[in-house]
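One structure below.
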2 protein chains.
Amino acid sequence: MSARQVTLAEVAKQAGVSLATASRVLNGSTRQVSEELSDRVLRTAERLGYVPNASAQALARNSSSLVGLVVHDITDPYFSCIAAGVTRVAEEAGLVVVLGTTGRRPEREVELLSTLRAHRARAVVLAGSRTTDRASQSRLAAEIDAFTEQGGRVACVSQAKLGTDTVVPGNRAGGRALARALTELGHKKFAVLGGPSELVVARDRLAGFKAGLADAGIAPPAVVNGAFTRDGGYAAAMELLASKTRATCVFAVTDVMAMGAMAALRERGVRVPEDMSIAGFDDIPTLRDTVPALSTVRLPLEEMGEIAAGLVLDAGGDEVRTVRVAGEVVLRASTAHN
Amino acid sequence: MSARQVTLAEVAKQAGVSLATASRVLNGSTRQVSEELSDRVLRTAERLGYVPNASAQALARNSSSLVGLVVHDITDPYFSCIAAGVTRVAEEAGLVVVLGTTGRRPEREVELLSTLRAHRARAVVLAGSRTTDRASQSRLAAEIDAFTEQGGRVACVSQAKLGTDTVVPGNRAGGRALARALTELGHKKFAVLGGPSELVVARDRLAGFKAGLADAGIAPPAVVNGAFTRDGGYAAAMELLASKTRATCVFAVTDVMAMGAMAALRERGVRVPEDMSIAGFDDIPTLRDTVPALSTVRLPLEEMGEIAAGLVLDAGGDEVRTVRVAGEVVLRASTAHN
DNA sequence: GCGTGGCGGGAAAGCGCTTTCCAGCGCTCC
DNA sequence: GGAGCGCTGGAAAGCGCTTTCCCGCCACGC
């Protein structure tokens, strides 16, 4: 075990050239090397199974090939789709993505960023949703500053205002459009399963939805808050049912929550959509196989990941870039006329 | 931008101690340092916001804090669950996981392993399923050798015989137990939606299932192969239906395929379970919200990821370790008496 | 009194690369 | 014909850390 690793020096020696030449041949530089030497180096590298030591390269070049990706929970389809987009772009660029999961703890986000900074990651995509909590916000901002200070780039998905490049889904507009579509189905009484009130994503979607209802001259919805998870949706729906709501249509601010809510409704014998219409937000792939198919606001999740990775990988100017992606209302079987 | 990064040397100078002392204080060594100096170093490091350069550490120590994780497709719940388990354990151990996705291309797996070797990752978890294709097998084996040669550890999930530590689900036993359970429901005529024939996981599950049918003295099932994905399941089910099968029960070797198959059945107006029973394998979390709830063989996916990470992280002896995890048949609404 | 050994501190030698700088060589251009 | 230039190759100086080795100091034992 642990046979001496093959180093550039070894390759150089066996090929009978200098270290410099070997380096130039194997790791592309602007400098030309005669075909003969070049060949010799290439061949011996091949023969010895040489693989450059990435740490050494990173040290010497002062830049690594690592791209960070921070998500709350990789099993959540919302995040895994974004992750797929990010990894695709990163891998195409010859970079390696390091995955960090926060378990929805803001301090973990800060820790991860610091670790990524230690690794001199060249960029980071923050996919977790933003909190309005002041303390964690400012610590995060400080870490982001430290990170960019060091020459790293940061992009966020769905959380503007952090002074970084951002991919912003049309949360408010999507909520509003959805509300409008649902009122057009004839619903008059709505309820919303909102996420934790300190999450801006949840708040924006809710705000948009309320605005949409107002547009149609409809009374504001009852709002029940719950965790941003399937179980949170389940619990919130249970609470809603317990409150003897008279709503005929429920909007869950997240598909994942909607899935939980549908389970709750099913369990309580509330038929969807006959007794209750329900809609979500995101259009996670799982929705394809839900029965009844869930109405939602479609977001191009993988593409959002790709865009974020793109933003963070090409240097760009100094100004903060924001890419908006629109949500598209998709009405399916879970919402019926009323 | 790009304010000089804080180095150990800087901290040492400002604290008025030597580089060696600063290193000893900040990155734990066996050597003692007087409390006074130690304090001074700690304080200045804090003040300057010092973060050790991980590349430099890796280079000097000849060992990095990277753990590789190779999956086919991170959006597949099977893989994202395993990924969750792996990251949890790795993060607890203070390590960083780098995520590689192969898109089911064997050569990508080899590439990724090589990249991970370049980064001197201390360990890798290979979660992709194994192929019987000779060529790619041997190239993969060669890369694995090179990797372990360098002192890295490798563990596989669900693919024994590669000479590495392995977490092996009871694919065969699970298939067999499922077959038995289904025959007990009175079904006599079965069909199987098999994965690509070169995937050993698919073959094992199928073989077990056949064995189970044989146990019950039932004729071998019709087998339709398809890709190991939701769409593969959909296509295979369509093909099965087109063949005018007389089976009353279908086994899809993967939950994901089963989801696709259910969609196909639904589309064709075949009621589940009245007209056709269906069962899958894995028990991915999504199943909770499927209607009707899918019968399956439950595998502790996250736990499997944790186990794999555990195997790969504690040195262990030289012998190859294999941890078997049993599948548990879970009958739900998608399978009915016949 | 002096040798011994243990202990805390620093100097310096790497770790495996990249890149600058210099040397040598064959040309072109006055 | 010599100055100047462009080009290729090599020596060597880092990159930011860890760790070995050595040194001076003190407590101790004979």
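Hydrogens, waters and symmetry mates play no part in the numbers below; they use all other heavy atoms, side chains included. Chain naming here is simple, since letters A, B, ... match the order of the sequence lines and numbering starts at 1 in each.
Electrostatic pairing of A:Arg88 and A:Glu92 does not count as a salt bridge here, judged by no charged N lying under 4.0 Å from a carboxylate O.
Closest to the B:Val17 side chain, of the nucleotides C:dC17, C:dG10, C:dG8, is C:dG10. For B:Ala60, counting side-chain heavy atoms from C-beta on, the closest listed nucleotide (D:dT18, D:dG9, C:dT19) is D:dT18. Relative to the side chain of A:Ala20, the nucleotides C:dT18, D:dT20, D:dA12 differ in distance, and D:dA12 lies closest. With D:dT18, C:dG16, D:dT8 as the candidates, the nucleotide lying closest to the side chain of B:Asn27 is D:dT18. The nucleotide whose nearest atom lies closest to any side-chain atom of A:Arg24 is, among C:dT20, C:dT18, C:dG9, C:dT20.
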> In dot-bracket, 5' to 3', how would DNA chain D read with Watson-Crick or G-U wobble pairs under 3.5 Å, [ ] for crossing ones and | for pairs to another strand?
Replying inline: ||||||||||||||||||||||||||||||
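Between the side chain of A:Arg120 and the base of D:dG16, no donor-acceptor pair of N or O atoms lies under 3.5 Å.
In this structure, the CD atom of A:Gln150 is 11 Å from the P atom of D:dG16, given to the nearest Å.
For the pair B:Glu91 (side chain) and A:Thr101 (backbone), a donor-acceptor distance under 3.5 Å is present.
A side-chain hydrogen bond (donor to acceptor under 3.5 Å, both in side chains) with B:Arg153 is found for exactly one of B:Asp165, B:Asp314, B:Thr148, namely B:Asp165.
Taking the side chain as every heavy atom from C-beta outward, B:His119 and A:Ser65 approach each other to under 4.5 Å.
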> Checking side chain to side chain contact (heavy atoms under 4.5 Å, CB included) for the pair A:Leu126/A:Ile144: CA distance, chi angles, key distance, verdict?
Replying inline: CA-CA 10 Å; A:Leu126 259 27; A:Ile144 290 181; 4.0 Å; yes
> side chain to side chain contact (heavy atoms under 4.5 Å, CB included) between B:Val323 and B:Leu311: does it pass, once the steps are laid out?
Replying inline: CA-CA 9 Å; B:Val323 176; B:Leu311 279 178; 4.1 Å; yes
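Contacts of B:Asn53 with the nucleic acid, taken as non-hydrogen atoms under 4.0 Å apart, involve only primed sugar atoms and P, OP1 or OP2.
Mapping B:Asn62 and B:Leu37 onto DNA chain C by nearest heavy atom places B:Leu37 at the nucleotide closer to the 5' end. Of the two residues near DNA chain C, A:Ser23 and B:Ser34, the one whose nearest nucleotide lies more 5' is B:Ser34. Mapping A:Val33 and A:Leu19 onto DNA chain D by nearest heavy atom places A:Val33 closer to the 5' end of the strand.
Listed by first then second residue, pairs satisfying salt bridge (charged side-chain N to carboxylate O under 4.0 Å, His left out) with a partner in residues 50-62 of chain A number zero, not counting sequence neighbours.
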